[in-house]
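The structure displayed is predicted, hence computed values, not measured ones.
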Amino acid sequence: MTVEAAPAPAVSYGRLVPVTVHFDDLDALGLLHNARYPLLVERAWTELWHAHGIRFDGDWVAAGDACNAVRELRIGYEAPVTRPGRYAVHLWLDRLGTTGLTYGFRFCSADGAETYARGARVLVRLDAATLRPAPWSEGFRSVARELLRPAD
């Protein structure tokens with residue numbers, strides 16, 4: 001019997017990507033370990049970009065836009081995750097520059113209603129040969145524009 005995952009609820013901007021917290025993600029107090037939040041966010045981004053054909057398969061030159069590095073990571077914890085199960089990561093872009101971007105995220109309940117942590121991460125696209133900043137491709141920028149958060 002095949003069970004399909006329910007589609008992620010809609011959000012007004014960005015994407016809500018389902019993630020799973022496993023028992024071994026919890027610390028000795030039974031809370032989601034603080035280091036797991038960024039890992040689960042990274043996995044959600046990886047899934048989102050893979051769906052658009054952007055991936056790293058072992059060759060940095062062929063990776064194109066997947067050849068990037070983290071410049072900054074900020075995260076704030078708002079409520080503890082106290083059990084394994086289905087959750088979600090709400091992802092969006094706050095800024096899309098020529099060679100860098102800033103994305104925002106919320107680690108939240110599966111329906112997006114409750115927020116457990118939120119933060120932002122700055123990425124820089126790199127040239128595989130020089131490891132210097134390089135422009136995002138137009139294909140990447142096209143997908144990324146769809147993820148931009150509207151100005152308040």
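- Residues Val19 and Ala88 share a closest heavy-atom pair of CG2-N, 3.9 Å.
- Not a single donor-acceptor pair under 3.5 Å links the side chain of Trp49 to the backbone N or O of Arg55.
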Inset, instruction - Might you work through the side-chain contact (heavy atoms from CB on, under 4.5 Å) test for Glu72 and Arg74, ending with a clear yes or no? - result: CA-CA 7 Å; Glu72 180 180 340; Arg74 295 180 313 276; 2.5 Å; yes
Inset, instruction - Kindly determine whether Arg86 and Thr20 satisfy side chain to side chain donor-acceptor pair (under 3.5 Å), including the steps that lead there. - result: CA-CA 5 Å; Arg86 302 285 291 160; Thr20 301; 3.0 Å; yes
Inset, instruction - Take Asp25 and Arg36 through the test salt bridge (Lys or Arg N to Asp or Glu O under 4.0 Å) and record every step on the way to the result. - result: CA-CA 7 Å; Asp25 292 321; Arg36 296 294 192 183; 3.3 Å; yes
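- Under the side chain to side chain contact (heavy atoms under 4.5 Å, CB included) rule, Tyr103 has a single partner from Val41, Asp94, Leu147, which is Val41.
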Inset, instruction - Would you sort out whether Arg121 and Thr102 count as a side-chain contact (heavy atoms from CB on, under 4.5 Å), showing the intermediate values? - result: CA-CA 6 Å; Arg121 191 163 94 160; Thr102 303; over 6 Å; no
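- Minimum heavy-atom separation, Leu16 to Ala110: CD2-O, 3.9 Å.
- To the nearest 0.5 Å, the span separating OG1 on Thr82 from CG on Leu26 amounts to 8.5 Å.
- Leu39 CG to Asn34 CG: the interatomic distance, rounded to the nearest 0.5 Å, is 12.0 Å.
- In this structure, CG on Leu123 lies 9.0 Å from CG on Leu93, to the nearest 0.5 angstrom.
- Residue Arg95 qualifies as enclosed at atom CZ: its count of foreign heavy atoms under 6.0 Å is above 12.
- The number of heavy-atom neighbours closer than 6.0 Å to CZ of Arg145, taken from other residues, nucleotides and ligands shown, is above 12.
- Under the 3.5 Å distance criterion, the side-chain polar atoms of Thr130 are matched with a main-chain donor or acceptor of Arg132.
- Note on Ile75 and Val70: same hydrophobic cluster, where clusters join Ile, Leu, Val, Met, Phe, Trp and Tyr whose side-chain heavy atoms are under 4.5 Å apart, directly or indirectly.
- When ring centroids are compared, Tyr116 and Tyr77 stay outside the 6.0 Å threshold.
- Judged by distance alone, the side chain of Asp27 and the main-chain N or O of Leu32 form no donor-acceptor pair under 3.5 Å.
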Inset, instruction - Would you please test Leu101 and Trp136 for side-chain contact (heavy atoms from CB on, under 4.5 Å) and show each step? - result: CA-CA 9 Å; Leu101 61 80; Trp136 302 107; 3.6 Å; yes
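- Val124 and Ile54 fall into different hydrophobic clusters, defined by Ile, Leu, Val, Met, Phe, Trp and Tyr side-chain heavy atoms under 4.5 Å apart, directly or through other members.
- Separation of atoms CD (Glu47) and CD (Glu42) is listed at 12.5 Å; rounding is to 0.5 Å.
- Across Gly14 and Trp92, no two heavy atoms sit closer than the pair CA-CB, 4.0 Å.
- Although no hydrogens or angles enter the test, the distance criterion places a donor-acceptor pair under 3.5 Å between the side chain of Arg106 and the main chain of Gly112.
- Between Trp45 and Phe105, a ring centre-to-centre spacing not shorter than 6.0 Å is recorded.
- For Thr99 and Arg125, the side-chain atoms include no donor-acceptor pair closer than 3.5 Å.
- Residues Leu96 and Arg141 form a side-chain contact, since some pair of their non-hydrogen atoms from C-beta on lies under 4.5 Å apart.
- Ring centroid separation for the pair His90 and Phe107 does not come in under the 6.0 Å cut-off.
- The SG atom of Cys108 lies 11.0 Å from the OH atom of Tyr87; values are rounded to the nearest 0.5 Å.
- When the side chains of ILVMFWY residues are joined at heavy-atom separations under 4.5 Å, either directly or via intervening members, Val122 and Phe140 end up in two distinct hydrophobic clusters.
- Contact record, Leu126 with Pro133: CD2-N, 4.2 Å, taken as the closest heavy-atom pair.
- Heavy atoms from other residues, nucleotides or ligands lying under 6.0 Å from CZ of Arg71 number 12 at most.
- His22 NE2 to Leu40 CG: the interatomic distance, rounded to the nearest 0.5 Å, is 8.0 Å.
- At least one side-chain heavy atom of Leu91 sits under 4.5 Å from a side-chain heavy atom of Leu48.
- One hydrophobic cluster, built from ILVMFWY side chains closer than 4.5 Å, cannot hold both Val143 and Tyr13; they sit in different ones.
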